[in-house]
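The block underneath contains the structure these notes are about, expressed in structure tokens.
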Amino acid sequence: MSQTLDPPATRDMPSATRDVPPAALDVPPARPVPRLASAAGVAAGPLFLAAGLTQGLTRDGFDFTRNALSQLSLGPLGWIQVTAFLLTGLLVIGGAVATRQALRDAPGGTWVPRLLGAFGVSFLLAGVFRADPGAGFPAGTPEGRATSLSGHGAIHMLAGSVGYLALCAAFLVLARHFAAHRQRGWALVARLLPAGVLAGFAASAVTAAAFTAGAGLGLLGLSAVATRLAFPARQQRPCSAARGTAR
């Protein structure tokens with residue numbers, strides 16, 4: 001009676017693991033990320049929104065239906081919003097560093113940190129180059145919208161546009177990462193977030209509140225995915241899944 005031997009490469013592996021498709025074994029597990037950098041990415045969005053909403057409710061002449069949060073950089077108390085822009089930019093860049101560590105050798109590990117870094121830089125530029133006054137803010141400004149942009153206002157708007165496009169692209173790339181790790185719910189969220197952000201921006205022609213909502217959605221979405229990457233769900237190991245199938 002002859003005996004059949006397994007090939008040397010698979011003889012020492014659990015029998016259940018041999019039945020796992022090769023593609024499932026190629027997805028690397030999530031890596032631990034630096035806590036401080038992770039916390040920076042999580043905190044960036046809530047900090048910026050809290051600063052903006054608090055000022056919007058307390059500063060004379062500001063109306064959420066007519067004015068963007070960027071205009072809070074103007075006037076005697078404008079330094080508060082400028083500080084919020086600069087600090088948020090640094091926090092987002094810190095989060096990009098954490099994301100690079102979390103996604104190293106994984107799908108999206110190259111482009112997601114770069115795109116988030118670009119988003120962070122856009123906040124730094126928006127803090128340095130302030131928005132133009134208009135729509136009654138600061139108090140005493142004519143009610144109508146400005147018909148032309150100043151040089152610093154144009155740079156501010158361009159930085160914001162490019163930054164949020166980079167964030168939307170980062171979400172789409174992250175969707176691939178989540179899908180590769182069988183996190184279908186998070187993959188769906190990452191695909192829907194860009195649509196919500198862009199819809200808010202498109203509706204800003206009707207009310208500035210839509211623009212604020214779109215920007216806020218992007219920032220909160222970034223905090224959510226940063227939290228997921230910092231504290232990843234327990235990955236389903238191929239061998240465990242195979243054992244369950246074998247039973």
Side-chain angles (χ1 to χ4, degrees), residues 27 30 38 40-53 56 64-71 84-85 88-89 91-93 95-96 98-100 102-103 106-123 125-126 131 145 156-233:
V27 179
S38 299
V42 173
L47 181 146
F48 184 83
L49 291 175
L53 294 177
F64 285 102
T65 64
R66 297 183 302 165
N67 303 115
L69 296 183
S70 296
Q71 290 180 298
F85 269 116
T88 301
L91 291 174
V92 172
I93 292 172
T99 302
R100 180 183 179 186
L103 300 185
T110 298
W111 279 105
V112 171
R114 294 178 181 177
L115 292 166
L116 293 182
F119 184 56
V121 170
S122 75
F123 272 80
L125 291 173
R145 293 188 178 186
H156 180 95
M157 181 172 291
L158 178 63
S161 299
V162 173
Y164 270 95
L165 287 175
L167 177 63
C168 290
F171 284 142
L172 293 176
V173 179
L174 275 170
R176 180 187 171 211
H177 167 80
F178 290 130
H181 286 83
R182 300 186 183 90
Q183 298 179 31
R184 295 185 180 87
W186 281 97
L188 178 61
V189 168
R191 293 187 181 103
L192 292 178
L193 280 170
V197 171
L198 296 177
F201 288 0
S204 64
V206 178
T207 173
F211 181 88
T212 301
L217 177 63
L219 288 168
L220 294 178
L222 175 58
S223 293
V225 297
T227 302
R228 171 52 64 190
L229 293 175
F231 306 100

Say you draw a straight line from CG of Leu103 to CH2 of Trp111; how long is it, rounded to the nearest 0.5 Å? 14.5 Å
For Ser70, give me all partners under side chain to side chain donor-acceptor pair (under 3.5 Å), at least two apart in sequence or on another chain. His156
Who pairs with Ala179 by side chain to side chain contact (heavy atoms under 4.5 Å, CB included), at least two apart in sequence or on another chain? Ala187, Arg191
Looking at Thr99 and Pro113, what are the two nearest heavy atoms and their distance? C-CG, 4.2 Å
Arg228 and Gln183 have their tightest heavy-atom pair at CD-OE1, 3.6 Å
One pair to check against side chain to side chain contact (heavy atoms under 4.5 Å, CB included): Phe85 and Leu125. What are the steps and the verdict? CA-CA 8 Å; Phe85 269 116; Leu125 291 173; over 6 Å; no
So, for Leu222 and Phe171, which heavy atoms are closest and what is the spacing to 0.1 Å? N-CZ, 3.6 Å
Could you give all pairs that pass the ring pair (Phe, Tyr, Trp, His ring centres under 6.0 Å) test and reach residues 208-230, with sequence neighbours left out? Phe201-Phe211
Please enumerate all residues that pass side chain to side chain contact (heavy atoms under 4.5 Å, CB included) together with Ala84, with sequence neighbours excluded. Phe48, Ala51, Gln81
Could you tell me if the side chain of Phe178 sits less than 4.5 Å from the side chain of Val225, heavy atoms only? yes
Assess whether side chain to side chain contact (heavy atoms under 4.5 Å, CB included) is satisfied between Trp186 and His181, documenting all intermediate values. CA-CA 10 Å; Trp186 281 97; His181 286 83; over 6 Å; no
Who passes side chain to side chain contact (heavy atoms under 4.5 Å, CB included) against Ala170, sequence neighbours left out? Leu115, Leu116
Exercise: identify the closest heavy-atom pair between Ala190 and Pro194: O-CD, 3.1 Å
Evaluate the ring planes of Phe119 and Tyr164, with Trp represented by its six-membered ring, and classify them as parallel (under 30°), tilted (30 to 60°) or perpendicular (over 60°). perpendicular
Closest approach of Val92 to Ala44 (non-hydrogen atoms, all atoms of both residues): CG2-CB, 3.6 Å
Closest approach of Leu193 to Gly221 (non-hydrogen atoms, all atoms of both residues): CD1-CA, 3.8 Å
Measure the CG-OG1 distance between Leu217 and Thr212 for me, rounded to the nearest 0.5 Å. 12.5 Å
So, using side chain to side chain contact (heavy atoms under 4.5 Å, CB included) as the criterion, who are the partners of Thr65 when residues are at least two apart? Asp63, Thr207
